[in-house]
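All residue numbers refer to positions in the sequence shown, counting from 1. Every heavy atom of this structure was used, including side-chain atoms; hydrogens, water molecules and symmetry mates were not.
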Amino acid sequence: MKLFLGFFLIPVVTSCSDLSLPLDCSDIYNQDTSRPSGVYTIYPIGTTSAVQVYCDMESLEGKWTVFQRRMDGSVNFYRPWNQYKLGFGNAAGEYWLGLENVFHLTQRKKSELLIDMEDFEGNKSYVRYTSFCVGPESDGYRLHLTGITNGGAGDSLSHISGQKFSTFDKDQDTWEKNCAQTFIAGFWFSDCHSANPNGVYRWGADNSLYAIGVEWTSWKGRGYSLKAISMKIRPVQ
């Protein structure tokens, strides 16, 4: 008796669509233009980097990936370096996406920045920067920012282009003291700030403690803490 050994090759079926994971909210929008604003999962650094973000699909034609959002004071933004690097909070509410994620997003695609804000009287304004990117951790997550479209908020940010990010445990500002420690926030400080979006959440006009609130001085001046502010990016169209 002869034995016949058969070898059967079973084709492995793969699909390019399996690899088409959304890098940012613009990818999610492009997959389905009817998707509303809300929480979605993106992959800014590859297949193992799933992270939830809030996607703004409405403001100025949408597609914005929100990397910072304040709205009710529910999250403490006085955090150490490692938490600002990796992110914290909840995408359904207040959160910070993480400097490492923002670095990768802005390195892969040329990006613009939109900052929306609201005061406690119901007034809203915005400012849009036409070029925004963040450098690597090895260079202190240095900010690069150019161009502006003023939507009423004015410019409280351009002067800090070129600055490294600072936290209370990693002082990289140009002031003799520690801006992050003094004004109770992590941010791109110089000596120190005209904008403090990650400051202490307070309720409108309050001069009892100097400049520690959620401030944007070119709109509301010094001593007014905003009700809401969000920072968001999308690829330049």
Side-chain angles (χ1 to χ4, degrees), residues 24-26 29 36-38 53-75 77 89 91-97 102 105-106 111-134 143-161 163 179 183-190 192-207 209-237:
D24 56 21
C25 293
S26 70
Y29 178 90
S37 297
V53 298
Y54 189 87
C55 294
D56 179 351
M57 302 301 196
E58 300 169 6
S59 299
L60 301 179
E61 300 177 353
K63 306 183 186 180
W64 298 99
T65 301
V66 177
F67 70 86
Q68 182 265 13
R69 186 160 72 148
R70 311 292 302 277
M71 55 195 294
D72 56 16
S74 58
V75 173
F77 274 65
E94 294 195 335
Y95 76 104
W96 176 264
L97 180 59
V102 178
L105 286 171
T106 59
S111 301
E112 59 181 330
L113 169 69
L114 175 66
I115 306 175
D116 286 322
M117 57 197 82
E118 180 181 359
D119 65 19
F120 280 90
E121 291 68 52
N123 302 304
K124 298 180 180 180
S125 66
Y126 73 88
V127 60
R128 179 179 179 180
Y129 296 90
T130 56
S131 177
F132 169 84
C133 72
V134 172
L143 173 68
H144 300 279
L145 188 73
T146 59
I148 181 173
T149 300
N150 185 2
D155 180 16
S156 289
L157 219 58
S158 289
H159 71 285
I160 60 170
S161 183
Q163 296 296 322
C179 292
F183 298 104
I184 316 181
F187 200 58
W188 293 279
F189 293 113
S190 55
C192 280
H193 73 75
S194 295
N196 195 23
N198 296 332
V200 177
Y201 194 87
R202 309 178 83 190
W203 284 264
D206 186 346
N207 289 311
L209 294 171
Y210 180 73
I212 67 166
V214 183
E215 294 190 354
W216 191 269
T217 61
S218 59
W219 185 38
K220 300 300 294 186
R222 184 71 69 199
Y224 189 100
S225 188
L226 298 171
K227 178 182 180 181
I229 188 167
S230 62
M231 306 177 71
K232 56 199 79 172
I233 54 176
R234 74 178 175 194
V236 175
Q237 301 179 6

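Taking the side chain as every heavy atom from C-beta outward, M57 and S37 approach each other to under 4.5 Å. Looking at heavy atoms from C-beta onward, F67 lies out of side-chain contact with V53 at the 4.5 angstrom threshold. Contact of the D206 side chain with the S225 side chain is not registered, since no non-hydrogen atoms from C-beta on lie closer than 4.5 Å. Residues V134 and W188 meet the side-chain proximity criterion, which asks for heavy atoms closer than 4.5 Å. Between R202 and F120, every side-chain heavy-atom pair lies at or beyond the 4.5 Å cut-off. Proximity of L105 to L97: side-chain heavy atoms (C-beta onward) are separated by under 4.5 Å at one or more points.
Here the CD1 atom belonging to I115 is positioned 6.0 Å from the CD1 atom belonging to I229, to the nearest 0.5 angstrom. A distance of 12.0 Å separates CE in M231 from CZ in R70, rounded to the nearest 0.5 Å. Taking NE2 of H144 as the reference point, atom CD of Q163 lies at 11.0 Å (rounded to 0.5 Å). Distance check, rounded to the nearest 0.5 Å: OG of S230 to CG of L114 gives 7.0 Å. Between atom SG of residue C133 and atom CG of residue L143 there is a gap of 8.0 Å, rounded to the nearest 0.5 Å. L226 CG to W219 CH2: the interatomic distance, rounded to the nearest 0.5 Å, is 6.0 Å.
A donor-acceptor pair is defined here as one N or O able to donate and one able to accept, closer than 3.5 Å; such a pair exists between the side chain of Y95 and the backbone of Y54. T65 contributes a side-chain N or O that, together with a main-chain N or O of C25, makes up a donor-acceptor pair within less than 3.5 Å. No donor-acceptor pair under 3.5 Å is formed between the side chain of S26 and the backbone N or O of K63. The closest donor-acceptor contact from the side chain of D119 to the backbone of G122 lies under 3.5 Å.
Heavy atoms from other residues, nucleotides or ligands lying under 6.0 Å from CD of E121 number more than 12.
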- Query: Going through the checks in order, is the side-chain contact (heavy atoms from CB on, under 4.5 Å) test met by F77 and E94?
  - Reply: CA-CA 9 Å; F77 274 65; E94 294 195 335; 4.1 Å; yes

- Query: Given the rule in the side-chain contact (heavy atoms from CB on, under 4.5 Å) test, do L145 and L157 qualify, once you have shown the distances and angles that lead to the verdict?
  - Reply: CA-CA 8 Å; L145 188 73; L157 219 58; 3.8 Å; yes

- E215 and R222: CA distance, side-chain angles, deciding distance, salt bridge (charged side-chain N to carboxylate O under 4.0 Å, His left out) verdict: CA-CA 7 Å; E215 294 190 354; R222 184 71 69 199; 2.7 Å; yes

- Query: What's the verdict on side-chain contact (heavy atoms from CB on, under 4.5 Å) for W216 and Y224, showing C-alpha distance, side-chain angles and the deciding distance?
  - Reply: CA-CA 8 Å; W216 191 269; Y224 189 100; over 6 Å; no

- Task: Tell me, with the steps shown, if V127 and I148 meet side-chain contact (heavy atoms from CB on, under 4.5 Å).
- Result: CA-CA 7 Å; V127 60; I148 181 173; 3.6 Å; yes

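The residue from K232, R69, K124 that alone fulfils the side chain to side chain donor-acceptor pair (under 3.5 Å) condition with D116 is K232.
Ion pairing of R234 with D56 is absent here, as no side-chain N (NZ or NE/NH1/NH2) approaches a carboxylate O to less than 4.0 Å.
Residues Y129 and D155 bring a donor and an acceptor atom of their side chains to less than 3.5 Å of each other. No hydrogens or angles considered: a donor-acceptor pair under 3.5 Å links the side chains of S218 and S156.
Shortest non-hydrogen contact noted between A185 and N198 is CB-O, 3.2 Å.
Ring pair H193/F187: centre-to-centre distance not below 6.0 Å.
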